[in-house]
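Input: a single structure, listed below in structure tokens.
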2 protein chains.
Amino acid sequence: MTEAPDATLRAGGYRITAQRQLVLQAVVDLRHATPEQILSHVHRQAPGVNLSTVYRVLTVLEDVGLVRHAHISTGSPTYHATEEAPHIHLVCRDCARVQSVPTSIAAALVTEIDEGTGFLADIGHAAIHGRCRECRSTTKPGAEGSD
Amino acid sequence: MTEAPDATLRAGGYRITAQRQLVLQAVVDLRHATPEQILSHVHRQAPGVNLSTVYRVLTVLEDVGLVRHAHISTGSPTYHATEEAPHIHLVCRDCARVQSVPTSIAAALVTEIDEGTGFLADIGHAAIHGRCRECRSTTKPGAEGSD
DNA sequence: GTATATGCAAAGGGTTTGCACGGTT
DNA sequence: AACCGTGCAAACCCTTTGCATATAC
């Protein structure tokens, strides 16, 4: 599962293209990247690639399970490779920085939700907003804001 | 705090207008409403109101703390009144329905995140995605999808 | 050789903004 | 009367789509 992306694509009935390899590599390299950021990264090696291709490739990569996306704010979603350990995104509303914590930290919550409602939570999908340690101690309420 | 929205607006330096009262009422009535849905609701009483006004009013209402928004999917955010008990939104990726659970269920998680990273999580802000009880038992993977 | 993937450009949905008018204070 | 808020329309993202060409198989 943490191997041979090409085989994974083929298994899904998709062809191997330079764009797909480049976009996947960009997602792996960047972590938490938006489509726009992914395009920039890809452009360093292949300036001809189009944004619409990035969108289409991301759909494909997500379909075969090589990447996942999370909604970090009102803007574009961010993508990360599934080869990374599952994690929850913590987004600071003041400085907009993103940090990660393992999803295992929420295991009890997921279980409790399941038992209470029958809902199987995919905790890594959405980001959790709040204020990071630095902004809590430094900045006063009402700074820039990521949202 | 669960009182006199007009006073809250004034305290924030804002004027009282019919639009602001209508939009707030719509948010209270609808729960989990998008700007578009709020507009429809408002239009029943005041057909002249404009979408841009809804957006501006929501910003104001959020600024003074009368409403909050959460990102439920890739689409528009949904707004709810702060007079409601704080809750976490559970969004089913198959049937797109939204259910709520009290934020208290995540108290341990919030504490753990705080202790581990110093991050103060605002757990109610983002929706948690997953699959609801019905869709887990009925539908097979790959239904309509809300995302 | 054939079906799929890409680039390009245009369209589409959601949100924001400039401006003149109207309403609140 | 002064200033803030609204309606309207245009502008602006971000994302999707139609079509002809290029590419993987």
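The sequence lines fix the lettering, A, B, ..., with proteins before strands; numbering per chain opens at 1.
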Of B:T59 and A:G48, the one whose closest nucleotide on DNA chain C sits nearer the 5' end is A:G48
Residues which pass side-chain hydrogen bond (donor to acceptor under 3.5 Å, both in side chains) with A:E84, listed by chain and number, not counting sequence neighbours
none
Check every strand shown and say whether B:V60 touches a base, only sugar-phosphate, or nothing at a heavy-atom separation below 4.0 Å.
nothing
When you compare the side chain of A:T8 with that of A:L61, does any pair of heavy atoms fall below 4.5 Å?
no
Would you call A:R15-A:D6 a salt bridge at under 4.0 Å N-O?
no
Presence of salt bridge, A:D29 and A:R44, under 4.0 angstrom:
no
Nucleotides 18-25 of chain C: protein proximity per nucleotide (B base, S sugar-phosphate only, - neither; heavy atom, under 4.0 Å):
B----BBS
In whole angstrom, give the distance that lies between atom CD of B:E36 and atom C1' of C:dG12.
13 Å
Using atom types as modelled, flag every donor-acceptor pair under 3.5 Å from a side chain in residues 106-118 of chain A to any protein atom, sequence neighbours excluded.
| from | atom 1 | to | atom 2 | distance (Å) |
| --- | --- | --- | --- | --- |
| A:T111 | OG1 | A:A107 | O | 3.0 |
| A:D114 | OD1 | B:R136 | NH1 | 3.1 |
| A:T117 | OG1 | A:I113 | O | 2.8 |
| A:T117 | OG1 | A:F119 | N | 3.1 |

Can you check the A:D63 CG to C:dT4 P distance for me, whole Å?
14 Å
note: B:E62, atom CD; C:dT16, atom P; distance rounded to Å ~ 11 Å
Measure from CG on A:N50 to P on D:dC14 and round the result to the nearest Å.
15 Å
With sequence neighbours excluded, tell me which residues meet side-chain hydrogen bond (donor to acceptor under 3.5 Å, both in side chains) with B:H87.
B:H89
Any donor-acceptor N or O pair under 3.5 Å, side chains A:N50, A:Q19:
no
List for me each residue that meets side-chain hydrogen bond (donor to acceptor under 3.5 Å, both in side chains) alongside A:E62, sequence neighbours excluded, and say none if there are none.
A:H69
Rounded distance (Å) that lies between atom P of D:dG5 and atom CG of B:D6:
14 Å
Between atom CG in A:L39 and atom P in D:dT16, what is the gap in whole Å?
15 Å
Got a sec? Which of residues 19-28 of chain A come in under 4.0 Å of DNA chain D, heavy atoms?
none
